[in-house]
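One structure is given here, and the rest of the page talks about it.
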Amino acid sequence: MGRVLGKDFFVRRPDLVAKELLGKVLVRKIADDVLKGMIVETEAYYGPEDPASRARRGKLPHNRFMWEEPGTIFIYMVHGNWLLNVITEPKGVPSAVLIRAVKPLQGIQRMLRNRKVSDVRNVANGPGKLSKAFMITKDLNGLKVYDPEGPVTIVDEGFSGFKVGRNYRIGVKEDLDVPLRFYIVDEIEYVSKPPVRKASKLD
DNA sequence: AGGAAGATCTACT
DNA sequence: GTAGATCTTCCTA
């Protein structure tokens with residue numbers, strides 16, 4: 001039923017990991033229930049040199065997980081939403097990938113109930129929505145996604161061959177000069193909608 | 001204490 | 001499609 005991604009997968013630059021996480025399956029175990037969704041949108045974040053990074057102001061109590069080993073779960077709150085990140089690069093090098101959207105595959109009824117919506121395309125198409133649908137909160141901070149027994153894992157179920165879109169990160173005040181947001185073009189229905197952008201040729 | 005923050009929802013034009 | 005309120009935590013003063 002697919003292989004749980006190991007620690008090695010995450011010991012690389014966040015942009016590479018972000019791109020390769022597309023098509024992998026996010027698995028959330030709750031008691032005797034399992035929720036699954038294919039990752040369709042991600043963003044990469046670096047360390048202090050990245051103005052949009054949580055590590056921007058150096059190591060602090062709440063962002064210390066950024067310096068943890070690759071494959072560590074890092075969750076924080078923005079505007080009342082929990083956002084799920086996975087740490088990349090070797091321990092001590094702060095960087096992470098934000099998982100922004102998944103296409104629900106299993107446990108869909110439960111997700112819809114968690115989110116109080118009826119459209120499956122609107123249940124996990126955004127980082128805050130995804131966390132709510134998958135019941136992900138701060139409690140999971142510091143756990144390892146490569147632990148097959150853990151409540152959150154990422155599995156390779158063989159999805160591949162899709163077209164990858166790329167552009168600038170959403171919602172950040174100040175971005176880098178490189179596009180660090182990745183998404184699956186064929187699954188655009190399940191990808192978050194970028195806020196209205198001003199005249200720009202990018203897309 | 002005050003406000004910002006990697007967002008979302010609702011109620012409008 | 002757009003504007004505004006509101007979600008919760010942590011940083012900064």
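Naming: A, B, ... by sequence-line order, numbering from 1 per chain. Below, each value reflects all heavy atoms present in this structure, side chains not excepted, and no hydrogens, waters or symmetry copies.
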To the nearest angstrom, how far is [X] atom [atom1] from [N] atom [atom2]?
X        : N      : atom1 : atom2 : result
A/Met77  : C/dT8  : CE    : C1'   : 4 Å
A/Lys59  : C/dC11 : NZ    : C1'   : 18 Å
A/Leu98  : B/dA5  : CG    : C1'   : 13 Å
A/Lys193 : B/dT8  : NZ    : C1'   : 13 Å
A/Ile75  : C/dT9  : CD1   : P     : 13 Å
A/Lys138 : C/dT8  : NZ    : P     : 13 Å
A/Leu84  : B/dA7  : CG    : C1'   : 15 Å
A/Asn81  : C/dT6  : CG    : P     : 16 Å

By nearest atom, which of the nucleotides [options] is closest to the [X] side chain?
X        : options              : result
A/Leu83  : B/dA5, B/dA7, C/dT9  : B/dA7
A/Val78  : C/dC11, C/dT9, B/dA7 : B/dA7
A/Pro127 : C/dT8, C/dC7, B/dT8  : B/dT8
A/Ile170 : C/dC11, B/dA7, B/dT8 : B/dA7
A/Arg115 : C/dC11, B/dT8, B/dA7 : B/dT8

Salt bridge check, [Y] against [X]: does any charged N sit closer than 4.0 Å to a carboxylate O?
X        : Y       : value
A/Glu89  : A/Arg13 : no
A/Glu149 : A/Lys29 : no
A/Arg100 : A/Glu43 : yes

Strictly below 4.0 Å: does A/His79 bring a side-chain N or O up to OP1 or OP2 of B/dA4? no

### Atom NZ of A/Lys36: over 12 foreign heavy atoms under 6.0 Å
yes

_Using a 4.0 Å heavy-atom cut-off, does A/Arg56 contact any base of the nucleic acid, only the sugar-phosphate backbone, or nothing at all?_
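No contact at all - A/Arg56 keeps every heavy atom at 4.0 Å or more from the nucleic acid.
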
Quiz item: For C/dC7, which nucleotide in any strand shown is its Watson-Crick or wobble partner with both distances under 3.5 Å?
Solution: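 Check on C/dC7: unpaired, no WC or wobble geometry under 3.5 Å.
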
Within 45° of the six-membered ring axis of A/Tyr46 and under 6.0 Å from that ring's centre, is NZ or CZ of A/Arg56 located there?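 Ring-cation test returns no.
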
